[in-house]
Amino acid sequence: DAVFVRPGSTPESDVRKALDGLGFFNERFGYPVPSTMTDPTPMIADMRLRKSADEAKELRRACEVSAEGHREAMRVARPGLYEYQVQAAMEYVYRMRGSMRDGYPAIVAGGDNACILHYNENDQILNDGDLLLIDAAAEIGQYSSDITRTFPVNGTFTAPQRAIYEIVLAAQHASFEVAAPGSTIKAVHDASARVLTEGLVDLGLLPRSVEESLAMHHYREYFMHGTSHWLGLDVHDAGPQWKNRSPVLLEVGMSFTVEPGLYVDPNRDSVEFSLYESDTDEAVARRLEMGTAAAKAFDDEAKAKAESVSLEIPEEFRGIGVRIEDDLLMTAGGYENMSAGVPTAIDEIEALCAEPPLTSAL
Ligand code: GLY
Ligand code: MN
Ligand code: MN
């Protein structure tokens with residue numbers, strides 16, 4: 001006998017007034033009238049976590065259409081075009097395939113712009129020898145896809161670009177391997193973090209061993225966002241990743257992104273790494289006890305006090321930003337990669353880049 005009202009959405013007095021107005025129907029005709037107010041948000045968020053077969057169909061279609069747009073971007077991009085012109089070619093594909101709008105503002109980031117995580121200007125010229133990072137997707141029936149691909153503007157990866165790219169791709173594959181019902185988003189993230197760290201240590205971009213780099217979170221210098229978020233009606237869909245201090249267990253019908261990345265700051269020739277080990281669980285507990293600001297100050301101070309090492313960043317890597325993002329749906333057997341319609345393997349990307357665009361008459 002509750003009425004569902006999201007706190008803050010309607011003044012409580014208005015809800016009371018509406019309920020009072022219904023009192024007549026209760027007294028006269030015995031209609032049940034709710035007497036309590038309940039916040040529906042957690043219940044709806046929980047429902048949104050698991051996609052029905054019909055929802056999965058829309059999501060899958062959004063992914064197919066988005067993948068087709070990404071394939072066209074690889075064909076269209078060339079030195080001298082502007083970022084927004086590649087965006088236009090993708091959006092033409094989306095619209096012609098029945099998508100009325102994008103799932104979120106497109107990120108079409110040439111060269112150094114790839115290192116700006118929420119770059120949306122899309123107004124720069126594409127340069128020969130640069131990479132192009134595109135995070136863009138179509139929406140179908142209100143469901144959004146979320147795909148990122150990174151490829152060379154001129155169609156051929158350079159050696160340093162290839163080195164970084166291969167690490168990110170290996171990280172994504174490692175995350176795929178632990179993506180299954182019963183696993184967690186945290187496990188998916190940890191798999192990527194480990195492989196990214198191994199690759200960074202191999203390239204000389206981290207000062208310590210793999211285990212120390214993980215314990216000191218050094219990889220965050222190059223990978224400063226999460227690996228996954230729920231996907232659905234919203235590109236960052238509703239629903240918790242943690243419940244009762246434990247990561248939510250993945251179930252059939254849940255959909256999320258897997259999007260490892262590496263971003264090497266174009267403007268820094270060296271990086272200072274603090275040799276400060278911090279336990280993530282303890283950091284969270286501190287935040288709860290001290291409040292976010294005080295806990296951050298605590299961490300910053302501990303970091304500043306700790307010894308640090310400075311590492312030179314080879315020029316060839318500066319300004320390289322790579323993210324590879326796909327959309328998974330949990331199935332009984334593991335996962336379905338709904339966005340596999342656009343390749344991630346280097347040879348397949350280079351082959352697509354060499355194809356003539358569908359929109360070649362322009
Ligand atoms: N496109 C937003 C995200 O990847 O989270
Ligand atoms: Mn995403
Ligand atoms: Mn994205």
Undergrad: Hey, mind stepping through R101 and E91 against salt bridge (charged side-chain N to carboxylate O under 4.0 Å, His left out) and telling me if it holds?
TA: CA-CA 8 Å; R101 59 182 187 200; E91 289 177 347; over 6 Å; no

Undergrad: Is any side-chain N of the basic residue among D299 and R286 closer than 4.0 Å to the acidic one's carboxylate O?
TA: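 Answer for the salt bridge query: yes.
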
Undergrad: Should the ring pair F273 and H218 be called parallel, tilted or perpendicular, given that the plane angle runs from 0 to 90° and is split at 30 and 60?
TA: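 Answer is tilted, since the angle falls between 30° and 60°.
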
Undergrad: Are the charged groups of R71 and E348 less than 4.0 angstrom apart, N to O?
TA: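 No, no charged N to carboxylate O under 4.0 Å.
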
Undergrad: Where do R50 and E55 land on the salt bridge (charged side-chain N to carboxylate O under 4.0 Å, His left out) test, with the steps shown first?
TA: CA-CA 9 Å; R50 297 166 200 84; E55 290 181 289; over 6 Å; no

Undergrad: Do you know which two heavy atoms are closest between T344 and I349, and how far apart they sit?
TA: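 Shortest heavy-atom separation between T344 and I349 comes out as O-CD1, 3.6 Å.
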
Undergrad: Given side-chain contact (heavy atoms from CB on, under 4.5 Å), test N113 with E121 step by step and report yes or no.
TA: CA-CA 10 Å; N113 297 333; E121 285 77 4; over 6 Å; no

Undergrad: CE of M290: more than 12 outside heavy atoms within 6.0 angstrom?
TA: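 Result for CE/M290: enclosed.
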
Undergrad: Is it the case that the side chains of S52 and D54 hold a donor-acceptor pair, with the cut-off being a distance below 3.5 Å and no angle test?
TA: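 Result is no, nothing qualifies.
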
Undergrad: Distance alone, cut at 3.5 Å: any donor-acceptor contact between the side chains of T158 and Q161?
TA: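 Q161 and T158 do have a side-chain donor-acceptor pair below 3.5 Å.
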
Undergrad: K243: what forms a salt bridge (Lys or Arg N to Asp or Glu O under 4.0 Å) with it, not counting sequence neighbours?
TA: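 If we apply the salt bridge (Lys or Arg N to Asp or Glu O under 4.0 Å) test to K243, skipping adjacent residues, the hits are D46.
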
Undergrad: Of all heavy-atom pairs between P181 and T331, which one has the smallest distance, and what is that distance?
TA: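 Between these two residues, the closest heavy atoms are CG-O, 3.1 Å.
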
Undergrad: Which residue, I167, L206, D265, forms the side chain to side chain contact (heavy atoms under 4.5 Å, CB included) with Y222?
TA: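 Looking at I167, L206, D265, the match for Y222 under the side chain to side chain contact (heavy atoms under 4.5 Å, CB included) is L206.
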
Undergrad: Where is the tightest heavy-atom contact between T227 and S192, given as atom of each residue plus distance?
TA: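 Closest heavy-atom pair between T227 and S192: CG2-OG, 3.8 Å.
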
Undergrad: Regarding R61 and E58, does a basic nitrogen lie under 4.0 Å from an acidic carboxylate oxygen?
TA: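 Looking at E58 together with R61, the answer is no, because their closest N to O distance does not fall below 4.0 Å.
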
Undergrad: Would you call K305 and D300 a salt bridge, using N to O less than 4.0 angstrom?
TA: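 No salt bridge links K305 with D300.
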
Undergrad: Tell me whether E64 is salt-bridged to R97, with the criterion being a basic N under 4.0 Å from an acidic carboxylate O.
TA: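 Result for this pair is no, no salt bridge flagged.
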
Undergrad: Examine Y276 and L200 and state if one hydrophobic cluster contains both, with Ile, Leu, Val, Met, Phe, Trp and Tyr joined whenever side-chain heavy atoms are less than 4.5 Å apart.
TA: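 No, Y276 does not connect to L200 through the hydrophobic network.
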
Undergrad: Do you know which two heavy atoms are closest between Y94 and D102, and how far apart they sit?
TA: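 Minimum heavy-atom contact is CD1-OD1, 3.5 Å.
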
Undergrad: Go through it in stages, so that I can follow the logic: the residues are D39 and T41, the test is side chain to side chain donor-acceptor pair (under 3.5 Å), and I'd like the CA-CA distance, side-chain angles, deciding distance and then a yes or no.
TA: CA-CA 6 Å; D39 178 6; T41 315; 2.6 Å; yes

Undergrad: Tell me, yes or no, whether the heavy-atom count around F176 atom CZ, taken from other residues, nucleotides or ligands under 6.0 Å, exceeds 12.
TA: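 Result for CZ/F176: enclosed.
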
Undergrad: One pair to check against salt bridge (charged side-chain N to carboxylate O under 4.0 Å, His left out): R60 and D327. What are the steps and the verdict?
TA: CA-CA 9 Å; R60 197 174 288 122; D327 302 337; over 6 Å; no

Undergrad: Could you walk me through whether N154 and R78 pass side-chain contact (heavy atoms from CB on, under 4.5 Å), step by step?
TA: CA-CA 5 Å; N154 66 15; R78 57 179 157 79; over 6 Å; no

Undergrad: Regarding D326 and S339, do their side chains bring together a donor and an acceptor under 3.5 Å, going by distance alone?
TA: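 Yes - a donor-acceptor pair under 3.5 Å links their side chains.
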
Undergrad: Check the pair E259, H229 against side chain to side chain donor-acceptor pair (under 3.5 Å), reporting the backbone distance first and the verdict last.
TA: CA-CA 9 Å; E259 48 180 308; H229 53 79; 2.9 Å; yes

Undergrad: Decide whether E211 and S209 meet the rule of one side-chain donor and one side-chain acceptor closer than 3.5 Å.
TA: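 Looking only at side-chain atoms, S209 and E211 do not form any donor-acceptor pair under 3.5 Å.
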
Undergrad: If you apply the rule salt bridge (charged side-chain N to carboxylate O under 4.0 Å, His left out), what do you find for E221 with R268, and how did you get there?
TA: CA-CA 12 Å; E221 173 65 30; R268 278 206 277 180; 2.6 Å; yes

Undergrad: Which word best sums up how the rings of H217 and Y219 line up, parallel for under 30°, tilted for 30 to 60°, or perpendicular for over 60°?
TA: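 Because their plane-to-plane angle is over 60°, the rings of H217 and Y219 count as perpendicular.
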
Undergrad: Any chance the side chains of Y104 and E139 put a donor and an acceptor closer than 3.5 Å?
TA: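 Note: Y104 and E139 side chains miss the donor-acceptor criterion.
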
Undergrad: If you define the side chain from C-beta out and look only at heavy atoms, does anything of F4 sit under 4.5 Å from T38?
TA: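 F4 reaches T38 side chain to side chain.
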
Undergrad: Parallel, tilted or perpendicular for Y82 and Y84, by the 30°/60° rule?
TA: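 Rings of Y82 and Y84: parallel, as their planes differ by under 30°.
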
Undergrad: If you apply the rule side-chain contact (heavy atoms from CB on, under 4.5 Å), what do you find for L132 with V108, and how did you get there?
TA: CA-CA 7 Å; L132 175 57; V108 184; 3.9 Å; yes

Undergrad: With side-chain contact (heavy atoms from CB on, under 4.5 Å) as the criterion, how do L233 and D237 come out once you've worked through the C-alpha distance, each side chain's angles and the decisive distance to 0.1 Å?
TA: CA-CA 6 Å; L233 284 170; D237 210 25; 4.1 Å; yes

Undergrad: Please find the pair of heavy atoms, one from I185 and one from F256, that lie closest to each other, and give the distance.
TA: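 Here I185 and F256 meet closest at CD1-CG, 3.7 Å.
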
Undergrad: What are the two closest non-hydrogen atoms of I134 and H70, and how far apart are they?
TA: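 Reported closest heavy-atom pair: O-CE1, 3.3 Å.
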
